[in-house]
Structure formats: C-alpha cells, structure tokens
Amino acid sequence: MEIIPLCFESSEDADTLGLIGKELYTIHLPIDNSEIRPGEDVTTNTDTGKFSTCIVRFDTEVYCPLPLFKMLFGEEK
C-alpha cells in the first residue's frame with residue numbers, strides 16, 4: 001500500500017461529505033506521473049459512491065516508484 005497525501009478543499013470536510021473513515025477510495029491521477037504537481041486538484045470517489053475534489057499535498061515533484069506505478073496503472077506500456 002502506498003500513501004498519497006490529500007487535503008479537502010476549504011469548503012469540505014469529512015462531516016460535510018458524510019465520510020465515516022471506513023471508505024475505500026479511488027484517486028483519479030494522470031496516467032503520466034510527471035503531470036502531477038504539488039497542490040493540484042484531483043477527483044476522488046469512494047466505494048459508497050461519494051465524489052469530491054481534493055488537493056494533492058506532495059510538497060515536491062512526484063517520484064513514482066515502479067511498484068506503485070504497476071499497482072496504479074498495470075504493467076508498463
């Protein structure tokens with residue numbers, strides 16, 4: 001498992017989104033990890049059908065190791 005730090009937008013929090021902490025998330029990142037920038041907005045959705053926009057909290061340019069890339073996007077193309 002890898003960790004992707006995210007932050008809610010200023011008008012949202014776990015309560016306003018009805019999150020209880022047991023959800024599974026899908027984070028929609030660009031296929032090309034070089035396109036991910038610190039502070040970028042990404043869309044997330046949960047296994048319960050809730051959608052939100054979150055801010056990527058990488059503080060530096062993204063480094064995506066090959067095992068994480070394969071986990072997120074399948075085998076190398």
Side-chain angles (χ1 to χ4, degrees):
M1 178 174 80
E2 300 290 335
I3 296 174
I4 300 176
L6 301 174
C7 182
F8 293 117
E9 292 196 324
S10 61
S11 62
E12 296 179 331
D13 61 26
D15 290 332
T16 62
L17 294 171
L19 303 175
I20 60 172
K22 296 183 179 186
E23 297 83 6
L24 297 177
Y25 291 86
T26 300
I27 303 168
H28 302 277
L29 299 171
I31 296 290
D32 181 353
N33 66 359
S34 68
E35 295 177 10
I36 303 170
R37 301 283 179 252
E40 180 177 346
D41 288 347
V42 294
T43 302
T44 66
N45 65 288
T46 68
D47 59 336
T48 60
K50 298 179 192 291
F51 287 83
S52 66
T53 299
C54 293
I55 302 163
V56 176
R57 291 303 312 255
F58 293 123
D59 295 325
T60 60
E61 295 300 316
V62 175
Y63 165 71
C64 188
L66 188 56
L68 173 60
F69 183 86
K70 287 181 178 179
M71 182 185 76
L72 294 173
F73 304 114
E75 292 297 317
E76 290 181 276
K77 305 285 185 225

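Note that the structure is predicted; figures quoted are calculated from it, not measured. Just so it is clear, the values below take in all heavy atoms, side chains as well, and ignore hydrogens, waters and symmetry mates.
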Exercise: identify the closest heavy-atom pair between [X] and [Y]:
{"X": "C54", "Y": "F8", "answer": "SG-CD2, 4.4 Å"}
{"X": "R57", "Y": "C7", "answer": "CG-CB, 3.6 Å"}
{"X": "H28", "Y": "T26", "answer": "CE1-CG2, 3.7 Å"}
{"X": "T16", "Y": "S11", "answer": "OG1-O, 4.2 Å"}
{"X": "K50", "Y": "G18", "answer": "CE-O, 3.4 Å"}

Side-chain donor or acceptor of D41 paired with backbone N/O of T53 under 3.5 Å:
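The answer is no, because no donor-acceptor pair under 3.5 Å joins these two groups.
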Separation of [Y] [atom2] from [X] [atom1] (nearest 0.5 Å):
{"X": "T44", "Y": "L19", "atom1": "OG1", "atom2": "CG", "answer": "8.0 Å"}
{"X": "K22", "Y": "T46", "atom1": "NZ", "atom2": "OG1", "answer": "14.5 Å"}
{"X": "L24", "Y": "T48", "atom1": "CG", "atom2": "OG1", "answer": "9.0 Å"}

Is there side-chain contact between L6 and Y25, with at least one heavy-atom pair below 4.5 Å?
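No - every pair of side-chain heavy atoms lies 4.5 Å or more apart.
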